[in-house]
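Everything numeric here is computed off the predicted structure, so don't read it as measured data.
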Amino acid sequence: SSDVCSSDLVLVPMFAILQILIVLKPKLKDKYGWITVGGLAVAFGATGIASSSGESLALRVGYPGDHAQQGEALVGVVATLFFATAFWMVFTELFDFPIASLRKYVPLVGKGTALAAVAAIVTTLVVGHSGAKAVWEKRITSSKAVAPSTTGKSLTAQEEIGRAHV
C-alpha cells in the first residue's frame, strides 16, 4: 500500500535524525530516548510491511529491479538501528551495565547507533529515489509526450512549451 511506503520514507529519517541528535546532545535522551525507540519500532514495522507489499505488487506488475534489493537492504538497516538503539537505551537507562569490564563500551554503542542512523537516512533516500524512478521514469518522456494543442495540430510537449513562451 502506498501509505505504508510513504510512511517509512518519513518515519525512518525522522527518528534516525532524532537518534543522532540524542547521541550528540545526551540531555535529550531523558525526554526523547524512549520516544525514538518507539518511533524506530514503528518505522521498522513500516519498512517490513512496505517490503512485503512491494513483493506482492511485483507479482502483478513486474520486478522493480534495484528498488526491490534496496528495499530489502533498508529493512536490515532499520532493524539494526532499532535493535541497537533499544539495546543502548536499556543498558544506559534501566540499569548499570552488568559486566563492569564492558561498561566502557556502552557509549561506543551510542555512537554506533548514530552511524546506523546515518546509514538508514542514506538508504531511505536511495530507496525512495529508486522507487520514484521505477514508478515514473517510463511514464515521463517529455521529448515524446504529446500535449493538447490550441492550434489543432498534435505537438510534442517541448514544442508546445516553446510555442507558449513566444
(request) Hey, can you tell me if Phe83 and Phe44 have their rings parallel, tilted or perpendicular (30° and 60° cut-offs)? (result) perpendicular
(request) Please report the C-alpha distance between Val109 and Phe91 in whole Å, then the side-chain angles of each, then the deciding distance to 0.1 Å, and finally whether the side-chain contact (heavy atoms from CB on, under 4.5 Å) criterion is met. (result) CA-CA 10 Å; Val109 173; Phe91 285 104; over 6 Å; no
(request) Would you name the heavy atoms of Ala16 and Ala117 that are closest together and state the gap between them? (result) O-CB, 3.4 Å
(message) Which heavy atom of Leu40 sits nearest to which heavy atom of Leu81, and what is that distance?
(response) CD2-CD2, 3.6 Å
(request) Over all heavy atoms of both residues, which pair between Ile121 and Pro13 is shortest? Give the atoms and the distance, please. (result) CG1-CA, 4.0 Å
(message) Within this structure, what is the OG1-CG distance for the pair Thr80 and Leu115, rounded to the nearest 0.5 Å?
(response) 12.5 Å
(request) Write down the atom of Ala119, the atom of Thr123, and the distance for their closest heavy-atom approach. (result) O-OG1, 2.7 Å
(message) Taking the side chain as everything from C-beta on, heavy atoms only, tell me whether Lys25 gets closer than 4.5 Å to Tyr32.
(response) no
(message) I need the Thr113 OG1 to Phe82 CZ distance, nearest 0.5 Å.
(response) 13.0 Å
(message) In this structure, would Met89 and Val12 fall into the same cluster of hydrophobic residues linked by side-chain contacts under 4.5 Å?
(response) yes
(request) Check the hydrophobic clustering (I, L, V, M, F, W, Y; side-chain heavy atoms under 4.5 Å; chains of links allowed) and say if Leu11 and Val77 are grouped together. (result) no
(request) To the nearest 0.5 angstrom, please state how far the CH2 atom of Trp88 sits from the CD1 atom of Ile22. (result) 6.5 Å
(request) Kindly compute the distance separating CG (Leu74) from CG (Leu9), expressed to the nearest 0.5 Å. (result) 8.0 Å
(request) List the atom of Val23, the atom of Gly110, and the distance in Å for their closest heavy-atom pair. (result) CG2-O, 3.2 Å
(message) Just so I know, are the side chains of Leu18 and Met14 near enough to count as touching, which here means a heavy-atom distance under 4.5 Å?
(response) no
(message) For a quick test of reading the model, state the closest non-hydrogen atom pair linking Thr92 to Lys29 and the distance between them.
(response) OG1-NZ, 3.0 Å
